[in-house]
**Q** 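Shown below is the structure under consideration.
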Amino acid sequence: MGSRKTVSIGDLGRIVGGATPSTKIRENWDGDIPWLSPKDLANYNQRYISRGERNITQQGYESCSTKILPTGTVLFSSRAPIGYIAIAKNPVCTNQGFKSIIPNDEIDSLFLYYLLKANKDRIESSGSGTTFKELSGKTFSAIEVSIPTSKDEQTAIAHILGSLDNKIELNNQINDYLEEFVVAMFGEFYVSKWGNELPEGWSYQQVDNIAEKVAMGPFGSNIKVDTFVDEGVSIISGAHLKGLLLEESDYNHITEEHANRLNNSMVYPGDIVFTHAGNIGQASLITEWSNEPKYIISQRQFYLRCDKSKLLPEIPALYFHTRMGKHVLTANSTSTGVPSIAQPSSYLKSIELLVPDMPSQQRFVKTTKPLFHSIVANRNEIDCLGRLRDLLLPKLMSGEIDVSQVELPTQLNNHLSDC
């Protein structure tokens with residue numbers, strides 16, 4: 001193992017803050033300069049980022065103290081919250097919610113990214129403030145970390161962790177393509193029929209006529225943080241409803257006994273879960289390959305359980321996942337306060353769906369099932385790779401594992417075979 005040294009974060013590069021041009025001046029915005037706020041990293045699951053939701057103009061750039069950060073700069077959010085991390089894929093600038101590091105010649109940029117991830121909790125605890133924690137540039141700069149003296153060793157560590165994240169990001173990209181392909185197939189099969197002369201055996205029916213059950217999650221304080229347990233029945237939140245298929249990770253849990261008291265809010269594989277407040281209109285299917293036998297939904301969710309003799313759940317799941325379905329879901333929403341769907345269960349029951357004849361449904365589901373299965377298999381591999389990366393991260397960063405002794409392909413294959 002090579003030698004190590006203790007340095008402050010400020011020794012690793014130049015720490016740069018950001019700023020926001022006046023939002024009251026229209027000419028400051030919608031230009032060609034990528035500009036990021038911590039919000040842009042809130043649900044961002046890649047290491048490299050090229051732009052945020054908004055760009056600024058040259059006028060906007062010159063009107064405030066934000067700086068152009070070169071490719072390879074490590075972006076670190078310093079408030080609201082502390083600890084979002086990404087690497088600039090190209091020159092970008094940020095708002096005041098970042099303390100970004102332009103690495104010097106002695107530090108590998110990707111290694112610095114993983115170093116900050118490994119020390120995220122310790123860095124976050126250094127923040128101060130009453131309303132919300134904020135990390136000053138001076139405090140951030142003074143935090144001490146241990147790193148390999150050799151830049152080659154830094155690069156080797158980054159390569160090991162980066163190889164795992166490369167595969168995770170590739171699987172995520174493949175799943176995005178698979179989901180787009182399934183939606184395109186659904187459009188050809190189903191959406192193109194909407195409003196046209198219907199095929200024989202197809203009909204319009206209210207959801208209430210094809211549903212076995214429609215119900216909402218528990219209200220108010222029925223699920224309290226202090227009732228969470230390490231193992232038990234998983235709680236679905238809005239974070240799990242990101243795509244067509246339910247995200248199966250990072251659950252909170254309640255006991256079986258507690259879940260049974262909330263029986264009306266219990267869902268199973270084959271059910272479709274929706275959000276009715278906050279980020280409304282999300283719809284995800286719990287697949288038959290689910291990792292859990294049952295779940296509890298939280299108070300901002302409601303669900304549809306199809307009568308499978310009338311309508312297979314893949315059909316409405318795909319419909320409500322499309323732009324047309326999202327528009328129908330949000331048509332009864334309010335915009336005052338927290339956006340929400342008024343009387344969501346009753347409204348869902350009243351929605352009219354196009355119901356294909358059962359042989360057509362079965363043929364479509366049989367055709368798309370291998371694609372669903374591939375998405376789930378890729379997700380399971382992502383979960384395994386993420387756990388391996390998180391296991392290796394502190395050990396590699398602390399020097400507990402000698403990088404010269406790591407045989408990544410062999411160890412990776414052995415770990416995946418155990419998943």
Side-chain angles (χ1 to χ4, degrees), residues 39 41-45 171-172 175-176 178-180 182-183 186 207 211 213-219 222-223 228 233-254 259 262 264-306 313-334 338-345 347-348 351 353 368 371-372 375-376 378-380 382-383 386:
K39 180 182 176 183
L41 299 185
N43 294 303
Y44 197 75
N45 58 8
N171 278 12
N172 278 320
N175 276 358
D176 288 343
L178 288 172
E179 187 169 301
E180 288 175 10
V182 172
V183 170
F186 181 69
V207 168
K213 189 173 184 180
V214 175
M216 294 180 64
F219 287 99
N222 284 330
I223 301 179
F228 293 166
V233 179
S234 297
I235 304 169
I236 295 174
S237 69
H240 300 114
L241 307 181
K242 296 176 182 176
L244 172 60
L245 306 183
L246 183 75
E247 294 276 353
E248 301 245 22
S249 62
D250 300 325
Y251 289 118
N252 291 316
H253 303 87
I254 55 176
L262 303 172
N264 194 52
S265 301
M266 197 173 290
V267 293
Y268 302 87
D271 290 345
I272 306 162
V273 183
F274 307 82
T275 55
H276 64 75
N279 191 4
I280 62 175
Q282 296 168 289
S284 296
L285 172 68
I286 307 175
T287 70
E288 61 185 277
W289 306 287
S290 169
N291 296 328
E292 307 281 347
K294 59 186 177 183
Y295 307 78
I296 288 290
I297 56 175
S298 57
Q299 66 264 32
R300 288 190 172 186
Q301 279 77 55
F302 63 119
Y303 68 92
L304 165 63
R305 182 171 302 146
C306 292
E314 289 84 354
I315 305 297
L318 275 160
Y319 171 72
F320 286 113
H321 187 67
T322 64
R323 183 178 300 177
M324 179 188 293
K326 286 180 183 291
H327 175 74
V328 170
L329 273 178
T330 57
N332 196 41
S333 64
T334 61
V338 177
S340 60
I341 300 174
Q343 298 180 318
S345 295
Y347 179 62
L348 180 61
I351 292 173
L353 286 181
T368 55
L371 302 178
F372 284 155
I375 292 172
V376 173
N378 285 339
R379 283 185 177 178
N380 289 338
I382 288 168
D383 184 55

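Note that the coordinates shown come from a computational prediction; the quantities given were computed from them, not determined experimentally.
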**Q** Is the backbone N or O of Ile341 less than 3.5 Å from a side-chain atom of Asn332, with the two atoms forming a donor-acceptor pair by type?
**A**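 Judged by distance alone, no pair lies under 3.5 Å.
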
**Q** Side chains of Tyr319 and Val328: closer than 4.5 Å at any heavy-atom pair?
**A** yes

**Q** Residues in side chain to side chain donor-acceptor pair (under 3.5 Å) with Lys242, at least two apart?
**A**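 Partners of Lys242 by the side chain to side chain donor-acceptor pair (under 3.5 Å) criterion come out as none, since no residue qualifies.
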
**Q** With no hydrogens and no angle check, is any side-chain donor or acceptor of Ser284 less than 3.5 Å from a backbone partner on Gly243?
**A**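 Checking the backbone N and O of Gly243 against the side chain of Ser284, a donor-acceptor pair under 3.5 Å is found.
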
**Q** How would you list, by chain and number, every residue that makes a side-chain contact (heavy atoms from CB on, under 4.5 Å) with Leu41, sequence neighbours excluded?
**A**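 For Leu41 the side-chain contact (heavy atoms from CB on, under 4.5 Å) partners, ignoring immediate neighbours, are Tyr44, Ile49, Tyr84, Ala86, Phe98.
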
**Q** When you measure from the side chain of Thr275 to the backbone N and O of Gln282, does any donor-acceptor pair fall under 3.5 Å?
**A** yes

**Q** Aromatic rings Phe274 and Phe320: how do their planes relate, parallel, tilted or perpendicular, breaks at 30° and 60°?
**A** perpendicular

**Q** Less than 4.5 Å apart, side chain to side chain, heavy atoms only: is that true for Thr287 and Phe372?
**A** no

**Q** According to side chain to side chain donor-acceptor pair (under 3.5 Å), who are the partners of Ser290, at least two apart in sequence or on a separate chain?
**A** Glu248, Tyr295

**Q** For Phe228, enumerate each residue passing the side-chain contact (heavy atoms from CB on, under 4.5 Å) test, keeping only those at least two apart in sequence or located in another chain.
**A** Ile223, Val225, Ile235, Asn252, Ile254

**Q** For the residue pair Phe186 and Ile315, establish whether any side-chain heavy-atom pair is separated by less than 4.5 Å.
**A**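 Touching, per the 4.5 Å side-chain cut-off.
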
**Q** List the residues meeting side-chain contact (heavy atoms from CB on, under 4.5 Å) with Ser249, not counting sequence neighbours, and say none if there are none.
**A** none

**Q** Identify, with sequence neighbours excluded, every residue that meets side chain to side chain donor-acceptor pair (under 3.5 Å) alongside Gln301.
**A** Ser298

**Q** At their closest point, which heavy atom of Leu348 faces which heavy atom of Phe302, and how far apart are they?
**A** CD2-CE1, 3.6 Å

**Q** Verify, without hydrogens or angle tests, whether His276 (side chain) and Gln299 (backbone) share a donor-acceptor contact under 3.5 angstrom.
**A**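 Yes; at least one donor-acceptor contact below 3.5 Å.
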
**Q** Which value, rounded to the nearest 0.5 Å, describes the distance between Ile272 atom CD1 and Leu304 atom CG?
**A** 4.5 Å

**Q** Could you work out, with salt bridge (charged side-chain N to carboxylate O under 4.0 Å, His left out) as the rule, every residue matching Glu180, not counting sequence neighbours?
**A** none

**Q** When you measure from the side chain of His240 to the backbone N and O of Ser237, does any donor-acceptor pair fall under 3.5 Å?
**A**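 Side chain of His240 to backbone of Ser237: a pair is present.
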
**Q** What's the separation between atom CG in Asp176 and atom CG in Asn171, rounded to the nearest 0.5 Å?
**A** 11.0 Å

**Q** Check the pair Ile280 / Leu329 against side chain to side chain contact (heavy atoms under 4.5 Å, CB included), numbers first and verdict last.
**A** CA-CA 8 Å; Ile280 62 175; Leu329 273 178; over 6 Å; no

**Q** The criterion is salt bridge (charged side-chain N to carboxylate O under 4.0 Å, His left out); which residues satisfy it with Asp383, sequence neighbours excluded?
**A**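 With neighbours one apart ignored, the set is Arg387.
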
**Q** Holding to side-chain contact (heavy atoms from CB on, under 4.5 Å), I want the full list of residues that pass it with Lys326, two or more places apart in sequence or in another chain.
**A**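 None.
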
**Q** Residues in ring-ring contact (aromatic ring centres under 6.0 Å, His included) with Tyr347, at least two apart?
**A** none

**Q** With sequence neighbours left out, write down each residue that passes salt bridge (charged side-chain N to carboxylate O under 4.0 Å, His left out) with Arg379, or none if nothing qualifies.
**A**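 Per chain and number, Arg379 pairs via salt bridge (charged side-chain N to carboxylate O under 4.0 Å, His left out) with Glu247.
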
**Q** Does the side chain of Ser333 reach to within under 4.5 Å of the side chain of Pro339, using non-hydrogen atoms?
**A** no

**Q** Is there any salt bridge (Lys or Arg N to Asp or Glu O under 4.0 Å) pair reaching into residues 270-290, and which pairs are they, with sequence neighbours excluded?
**A** Asp271-Arg305, Glu288-Lys369

**Q** Heavy atoms, side chains only, cut-off 4.5 Å: are Leu178 and Asn378 in contact?
**A** yes

